[in-house]
Every structure is written in C-alpha cells, then in structure tokens.
Amino acid sequence: MKAWIAILLLGACAGPQAAEDARHARHERHRLTEQWLSIQREGSQASRHVQTATAAERELASQRWLESYKFAIPERYYGNSMSVDGGSSSSE
C-alpha cells in the first residue's frame, strides 16, 4: 500500500515537470525552425559557386515532371482536411 502511495506522489510531482519539458521542447523546435527558415530566406549560407545542370540533366528532370501528370491526385488531398490518416479534421 505504501508503495502505491509513493508511486502516486511521484507521478503527481512529475506531471507538471513533464508538461514544462514539453512546452520547452515545442518552444525550442519553433525557435530552430524560425532560424532555419531565416537562413534559407536570407541566403546567408548559400554557395557562391553557381550550380548548373547539363542538357541531359535538364531533359531528365523535364521528363520526370511530365511523367508526374500521369497520376491522379488522391481524393484525400482535396478539401479542407489536413489530417494524416485521411479522416476529416475540419471544423465546419
């Protein structure tokens, strides 16, 4: 019985700390994402070496792009729903 009480007390104490850790992790992910997007937007880490594609590479890329039109877009990507499992998550 005492063991159960000790477990419950430890769990009650760990709950707020776990919630704080989750908030900190979300904040840190948000900060890192903003930093990464800023680097991309500003181009501060871009290469000074101009990268070009050969004619053959451009032709292959063009063919892949044209081939992509052969497949229909699945129905789950239409509408307002942005759920991963295909279910409806819109709030109408």
Side-chain angles (χ1 to χ4, degrees):
M1 182 68 174
K2 290 181 182 182
W4 284 107
I5 294 172
I7 290 172
L8 289 174
L9 287 175
L10 286 174
C13 294
Q17 182 62 39
E20 180 63 30
D21 290 346
R23 279 192 294 276
H24 178 69
R26 279 194 304 272
H27 175 71
E28 185 65 13
R29 281 193 308 272
H30 179 74
R31 187 187 67 77
L32 290 173
T33 301
E34 289 293 327
Q35 183 180 15
W36 179 248
L37 291 173
S38 174
I39 289 170
Q40 290 180 328
R41 181 178 55 249
E42 295 165 2
S44 61
Q45 298 297 314
S47 172
R48 288 186 174 87
H49 174 71
V50 178
Q51 300 175 14
T52 59
T54 65
E57 291 169 331
R58 288 192 302 271
E59 180 62 28
L60 287 172
S62 177
Q63 288 301 317
R64 282 194 305 273
W65 177 58
L66 292 173
E67 294 278 328
S68 71
Y69 286 102
K70 291 183 178 179
F71 305 98
I73 298 173
E75 288 292 324
R76 67 178 178 265
Y77 294 117
Y78 289 104
N80 293 330
S81 176
M82 294 299 289
S83 67
V84 175
D85 61 357
S88 179
S89 65
S90 62
S91 56
E92 297 179 19

### Message
With a sphere of 6.0 Å drawn around CG of Leu32, does it hold more than 12 non-hydrogen atoms of other residues, nucleotides or ligands?
### Response
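Result for CG/Leu32: enclosed.
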
### Query
Which heavy-atom pair separates Gln45 from Ile39 by the least distance, and what is that distance?
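Looks like CG-CG2, 3.5 Å.
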
### Task
Give a yes or no on whether a salt bridge exists between Arg31 and Glu34, defined as a side-chain N under 4.0 angstrom from a carboxylate O.
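Result for this pair is no, no salt bridge flagged.
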
### Message
Going by salt bridge (Lys or Arg N to Asp or Glu O under 4.0 Å), name the residues that satisfy it together with Arg64, two or more places apart in sequence or in a different chain.
### Response
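In terms of salt bridge (Lys or Arg N to Asp or Glu O under 4.0 Å), with neighbours along the sequence ignored, Arg64 is linked to no residue.
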
### Query
Is there any ring-ring contact (aromatic ring centres under 6.0 Å, His included) pair reaching into residues 44-71, and which pairs are they, with sequence neighbours excluded?
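Every pair satisfying ring-ring contact (aromatic ring centres under 6.0 Å, His included) with a residue in residues 44-71: Trp65-Tyr69.
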
### Message
Give me each pair satisfying ring-ring contact (aromatic ring centres under 6.0 Å, His included) with a member in residues 22-43, each pair once, sequence neighbours excluded.
### Response
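Of all non-adjacent pairs touching residues 22-43, none passes ring-ring contact (aromatic ring centres under 6.0 Å, His included).
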
### Message
We want to know whether Gln63 and Glu67 form a side-chain donor-acceptor pair, criterion being a heavy-atom distance below 3.5 angstrom.
### Response
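Checked: Gln63/Glu67 side chains show no N/O donor-acceptor pair below 3.5 Å.
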
